[in-house]
Q: 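Sharing a structure with you now.
Note that the structure is a prediction, hence the values are computed from the model and not measured.
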Amino acid sequence: MQRHFAVLSHRAVLALSGPDRTGFLQGLVSADIERATAERALWGALLTPQGHFLYDFCLAVNGETLWLDCEAERRDAFRKRLARYKLRNKVDLTAPAPDPAVLAAFGEGACEALGLPAEPGAARGF
């Protein structure tokens with residue numbers, strides 16, 4: 001079995017926490033945030049009101065926090081853009097410290113080695 005793992009140094013994590021985290025993000029991005037669970041990650045994008053692409057991300061649930069895997073070079077700009085819409089929502093947008101590594105696993109048996117079902121979006125709580 002050929003399994004490969006790679007550190008994606010061009011990716012970074014933005015943490016979204018607080019009681020309004022899901023509702024806040026649900027109204028802003030292209031993904032149905034309600035579908036994300038500890039067992040199901042998803043992909044989404046932040047678009048302009050006209051539908052033009054701004055940022056894309058993968059979303060994973062980590063306990064009471066949503067982790068957004070985004071471009072490392074654009075993470076601060078993404079955080080600032082989301083913060084514009086915070087208003088009265090009780091959410092915190094932070095870069096976790098220490099900065100978690102973003103990894104990719106691929107190849108035959110990679111899902112099995114991680115204890116994941118071989119289906120899109122499969123995740124495991126950490």
Q: Look at atom CZ of R74 and say whether more than 12 heavy atoms of other residues, nucleotides or ligands are closer to it than 6.0 Å.
A: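 Check passes, neighbour count above 12.
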Q: Nearest 0.5 Å, please: how far is CG in D69 from CG in L14?
A: 10.5 Å
Q: Between A15 and T65, what is the shortest heavy-atom contact and its length?
A: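 In terms of heavy atoms, the two residues are closest at CB-CG2, 3.8 Å.
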Q: Roughly how far, to the nearest 0.5 Å, is the CD atom of E71 from the OH atom of Y55?
A: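 Rounded to the nearest 0.5 Å, the OH-CD separation comes out at 9.0 Å.
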Q: Would you compute the distance between atom SG of C58 and atom CH2 of W67 and round it to the nearest 0.5 angstrom?
A: 14.0 Å
Q: Taking the side chain as everything from C-beta on, heavy atoms only, tell me whether V29 gets closer than 4.5 Å to F57.
A: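 Yes, their side chains come closer than 4.5 Å.
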Q: Considering non-hydrogen atoms only, spot the tightest contact between A12 and A72 and give its length.
A: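 So the two residues come closest at CB-CA, 3.7 Å.
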Q: Under 4.5 Å between any side-chain heavy atoms of V91 and F24, yes or no?
A: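 Yes, at least one pair of side-chain atoms sits under 4.5 Å.
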Q: Hey, could you give me the CD/CZ distance between E73 and R11, rounded to the nearest 0.5 Å?
A: 11.5 Å
Q: Check the hydrophobic clustering (I, L, V, M, F, W, Y; side-chain heavy atoms under 4.5 Å; chains of links allowed) and say if W43 and F106 are grouped together.
A: no
Q: Please assess V61 against L66 for the test side-chain contact (heavy atoms from CB on, under 4.5 Å), listing each intermediate value before the final yes or no.
A: CA-CA 5 Å; V61 176; L66 302 177; 3.9 Å; yes
Q: Once you round to the nearest 0.5 Å, how far does CG of L28 lie from CZ of R84?
A: 12.0 Å
Q: Salt bridge check, K90 against D20: does any charged N sit closer than 4.0 Å to a carboxylate O?
A: no
Q: Could you walk me through whether R21 and D92 pass side-chain contact (heavy atoms from CB on, under 4.5 Å), step by step?
A: CA-CA 8 Å; R21 66 191 175 280; D92 291 310; over 6 Å; no
Q: Looking at D32 and L42, what are the two nearest heavy atoms and their distance?
A: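 That closest heavy-atom pairing would be O-CD2, 3.6 Å.
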Q: Report the distance from atom CG of L25 to atom CG of L68, rounding to the nearest 0.5 Å.
A: 6.0 Å
Q: With side chains defined as the heavy atoms from C-beta onward, is the minimum distance between E119 and R40 less than 4.5 Å?
A: yes
Q: Treating S30 as the side-chain partner and A45 as the backbone partner, does any N or O pair qualify as donor plus acceptor under 3.5 Å?
A: yes
Q: Check this for me: does any side-chain nitrogen of one of R75 and D99 sit under 4.0 Å from a carboxylate oxygen of the other?
A: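 Here R75 pairs with D99 in a salt bridge, since their nearest N and O are under 4.0 Å apart.
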Q: Compare every heavy atom of P117 with every heavy atom of A122, then report the nearest pair and how far apart it is.
A: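 Closest approach of A122 to P117: CB-O, 3.4 Å.
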Q: Would you find a donor on one side and an acceptor on the other, under 3.5 Å apart, between the side chain of T94 and the backbone of P96?
A: no
Q: Is the shortest side-chain heavy-atom distance between L47 and H52 below 4.5 Å?
A: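 Sidechains of H52 and L47: no contact.
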